[in-house]
Amino acid sequence: MATNFPPLKNDLLLRAARGERTERAPVWVMRQAGRYLPEFRKVRESHEFFEICQTPVLATEITIQPIRRYSGLIDASIIFSDILVVPQAMGMEVLMNPGPSFPDPLVSPADVSKLNAVIDVEKELGYVFRAITQTRQELNGEVPLIGFSGAPWTLFAYMIEGGGSKTLQKAKTWLFKYPEESKALLLRIADVCVDYLVGQVRAGAQLLQIFDSWAGELSPYDFEQFSFPTLKHISTNVRRRLAEENIRDVPMTLFAKGANYALGFLAQNSGYDVLGLDWLIDPAEARRIVGDKVALQGNMDPNVLYGGRNAIEAAVKRMSEGFRSGQGGWIANLGHGITPGVDPEDLKWFFECVHKYSM
Ligand SMILES: Cc1c2[nH]c(c1CCC(=O)O)Cc1[nH]c(c(CCC(=O)O)c1C)Cc1[nH]c(c(CCC(=O)O)c1C)Cc1[nH]c(c(C)c1CCC(=O)O)C2
């Protein structure tokens with residue numbers, strides 16, 4: 001790598017991700033730079049969502065907002081962007097009003113021909129790489145920086161549904177009616193994810209997380225048929241490419257929301273260092289299933305943050321006992337993203353409780 005970055009002062013996240021039982025659990029939360037923060041809403045008043053993603057100085061500022069506010073309590077930053085920049089790079093229009101919507105979703109396999117045939121991620125997503133490099137400089141080694149991508153199945157579902165959906169009926173129609181075309185499109189998305197993730201590490205990302213937010217909508221069999229091969233493709237090829245380019249390997253996290261049925265299988269076979277958990281699985285049970293094969297990340301129900309200090313403290317204490325009931329690394333987090341109505345002081349208390357109980 002050409003760039004020289006300030007030395008890292010807090011490597012708890014990286015050590016836990018590699019499987020080490022750290023002196024306390026590193027902690028961060030998904031969506032930590034988001035609408036619950038007044039300083040984020042202030043920037044949003046004068047800038048559109050994707051405009052912020054595409055403007056490195058703004059993306060850097062927002063990435064660092066929670067690090068500044070929770071200095072000394074928070075152990076990782078995650079680059080401000082969205083999983084839907086990948087469909088954009090593939091040639092699709094995506095709006096955010098206020099949830100994501102695609103004016104022209106993929107309706108049938110013939111529509112795949114409308115996607116860009118060749119995708120130069122440097123050209124299409126270079127703004128993310130520049131934001132990562134700038135953020136690494138400005139973090140000044142305070143905490144590591146996480147890069148991320150959506151998982152192919154989750155992105156595929158958005159590209160076909162055209163936005164959020166309760167049933168994923170359109171995306172599943174593709175899987176069951178056009179399984180071969182679906183697998184081909186899923187792999188095509190996976191290849192863009194590989195280029196995109198390698199580019200993020202080249203630019204300075206120190207850990208990569210893959211968000212398969214809709215994994216839990218698939219049966220165990222269909223997850224193994226349609227999602228798992230693309231997740232494995234990503235872990236294998238990102239590592240291969242980094243090795244070929246002589247870039248130091250980074251830990252990789254898979255957050256397959258709702259796929260707790262696959263935990264043991266993923267620990268053995270997916271090639272990820274860390275598995276992210278939602279709150280539907282008991283921490284001690286998860287630890288028992290994976291042994292010390294992988295590190296775990298999670299998993300407090302984000303809504304506990306609405307329950308007041310006693311509820312938060314009790315939940316963190318219980319979660320800590322569960323994750324610490326066996327060997328292996330643990331990264332404390334929520335079981336999904338933090339929601340807009342949370343009081344930032346209650347999140348601060350969550351961090352303080354993790355510091356207190358996660359020994
Ligand atoms: C499914 C998904 C999306 N985006 C993402 C996922 C996977 C994780 C998950 O399951 O929540 C991932 C994501 N989105 C965002 C980040 C930034 C990094 C972080 O702080 O975690 C990350 C990692 C910013 C964002 N992405 C979005 C916002 C809020 C938009 C705004 O400012 O108006 C932020 C801060 C918008 C977004 N983007 C998406 C949705 C469904 C929405 C609207 C609903 C919502 O706000 O939660 C798609």
Side-chain angles (χ1 to χ4, degrees), residues 13 27-55 58-67 69-70 74 76-88 92 94-102 128 131-132 135 143-159 161-166 168 171 193 196-197 200 205 207-217 253-259 276-279 297-299 302-303 331 333-342 344 347:
L13 175 85
V27 60
W28 67 282
V29 302
M30 294 185 275
R31 291 283 167 92
Q32 63 189 21
R35 284 173 296 174
Y36 76 100
L37 283 182
E39 55 269 39
F40 172 81
R41 293 197 301 269
K42 185 93 188 70
V43 178
R44 275 289 273 123
E45 277 171 21
S46 47
H47 300 281
E48 285 303 323
F49 179 78
F50 284 116
E51 178 199 345
I52 296 174
C53 297
Q54 290 160 12
T55 312
L58 294 175
T60 297
E61 161 61 20
I62 292 188
T63 302
I64 292 180
Q65 282 178 349
I67 309 308
R69 180 185 274 261
Y70 301 114
I74 190 169
S77 58
I78 179 164
I79 192 65
F80 187 82
S81 184
D82 199 83
I83 63 168
L84 300 176
V85 301
V86 164
Q88 287 176 333
M92 298 189 78
V94 186
L95 308 172
M96 197 62 84
N97 56 4
S101 77
F102 292 61
V128 179
I132 286 175
T135 303
V143 293
L145 177 61
I146 301 171
F148 70 90
S149 163
W153 155 244
T154 293
L155 296 175
F156 169 97
Y158 271 106
M159 289 160 72
E161 297 289 339
S165 159
K166 284 214 158 59
L168 299 188
C193 293
Y196 179 44
L197 290 162
Q200 292 185 59
L207 181 151
L208 295 172
Q209 177 157 329
I210 313 303
F211 290 89
D212 204 356
S213 304
W214 285 350
E217 299 300 317
T253 299
L254 172 61
F255 176 57
K257 185 169 184 298
L277 304 173
D278 63 31
W279 60 93
Q297 174 172 281
N299 73 341
N303 292 302
I331 299 161
N333 204 309
L334 304 175
H336 202 191
I338 186 170
T339 48
V342 170
L347 181 62

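Ligands are counted one by one from 1 in listed order, and the atoms in each one are counted from 1 as well. Only this structure's heavy atoms are used, side chains among them; waters, hydrogens and symmetry mates stay out. Predicted model only: the values in this text are computed from it and were never measured.
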Subject >> Rounded distance (nearest 0.5 Å) linking atom CD of E48 with atom OG1 of T55 >> reply: 11.5 Å

Subject >> Beyond-backbone contact of W279 with H336, side-chain heavy atoms, under 4.5 angstrom >> reply: yes

Subject >> Closest protein heavy atom (residue, atom, distance) for atom 22 (C) of ligand 1 >> reply: F148 CZ, 3.7 Å

Subject >> Min N/O separation Q32 to ligand 1 under 3.5 Å >> reply: yes

Subject >> Spatial distance of atom OG (S46) from atom CG (L58) [nearest 0.5 Å] >> reply: 8.0 Å

Original post:
If you measure from atom 19 (C) of ligand 1 to every heavy atom of Q65, K257, R31, Q209, which option wins on shortest distance?
Top reply: R31

Original post:
What protein heavy atom is closest to atom 28 (C) of ligand 1, reported as residue, atom name and distance in Å?
Top reply: F49 CE1, 3.6 Å

Subject >> Identity of the nearest option to atom 11 (O) of ligand 1, non-hydrogen atoms only, from R41, R44, E48, H336 >> reply: H336

**OP:** Give a yes/no verdict on whether any heavy atom in A33 is under 4.0 Å from an atom of ligand 1.
**Re:** yes

Subject >> Option set R35, M30, M96, criterion heavy-atom distance to atom 44 (C) of ligand 1, minimum >> reply: R35

**OP:** Heavy-atom distances under 4.0 Å are what count here, so tell me which part of F40 touches ligand 1: side chain, backbone, both or neither.
**Re:** side chain

Original post:
Got a second to check how far T339's OG1 is from N303's CG, nearest 0.5 Å?
Top reply: 5.5 Å

**OP:** Supply the atom-to-atom distance Q65 CD to K42 NZ, rounded to the nearest 0.5 angstrom.
**Re:** 11.0 Å

**OP:** Work out whether the distance between some heavy atom of W214 and some atom of ligand 1 is less than 4.0 Å.
**Re:** no

Subject >> Note, W153 side chain near L168 side chain (heavy atom, < 4.5 Å) >> reply: yes

Subject >> side chain to side chain contact (heavy atoms under 4.5 Å, CB included), paired with L145, selected from I64, I67, I79 >> reply: I79

Subject >> Pair M30-F211, side chain to side chain contact (heavy atoms under 4.5 Å, CB included): steps then yes or no >> reply: CA-CA 10 Å; M30 294 185 275; F211 290 89; 3.6 Å; yes

**OP:** Classify the contact between P340 and ligand 1 as side chain, backbone, both or neither, using a heavy-atom distance cut-off of under 4.0 Å.
**Re:** neither

Original post:
Of all the heavy atoms in P100, does at least one lie under 4.0 Å from an atom in ligand 1?
Top reply: yes

Original post:
Quick one: does I79 get a heavy atom under 4.0 Å from ligand 1?
Top reply: yes

Original post:
What residue and atom, counting heavy atoms only, is the protein's closest point to atom 24 (C) of ligand 1, and at what distance?
Top reply: S81 O, 3.3 Å

Original post:
Closer than 4.0 angstrom: is that true for some heavy atom of Y158 and an atom of ligand 1?
Top reply: yes

Original post:
Starting from atom 48 (C) of ligand 1, which protein heavy atom do you reach first, and at what distance in Å?
Top reply: D82 OD2, 3.6 Å

Original post:
Which protein non-hydrogen atom lies closest to atom 2 (C) of ligand 1, naming both residue and atom, and how far is it?
Top reply: I83 CD1, 3.4 Å

**OP:** Calculate, to the nearest 0.5 Å, the distance between atoms OG1 and CD1 belonging to T135 and I78 respectively.
**Re:** 11.5 Å

Original post:
Hey, what do you get for CG (N299) to CD1 (I331), rounding to the nearest 0.5 Å?
Top reply: 12.5 Å

Original post:
Any idea which protein heavy atom is nearest atom 10 (O) of ligand 1, and the distance to it?
Top reply: S213 OG, 2.5 Å

Original post:
Can we call the ring centroids of F80 and F40 under 6.0 Å apart?
Top reply: yes

Original post:
Is W28 close to ligand 1, meaning an N/O of one under 3.5 Å from an N/O of the other?
Top reply: no

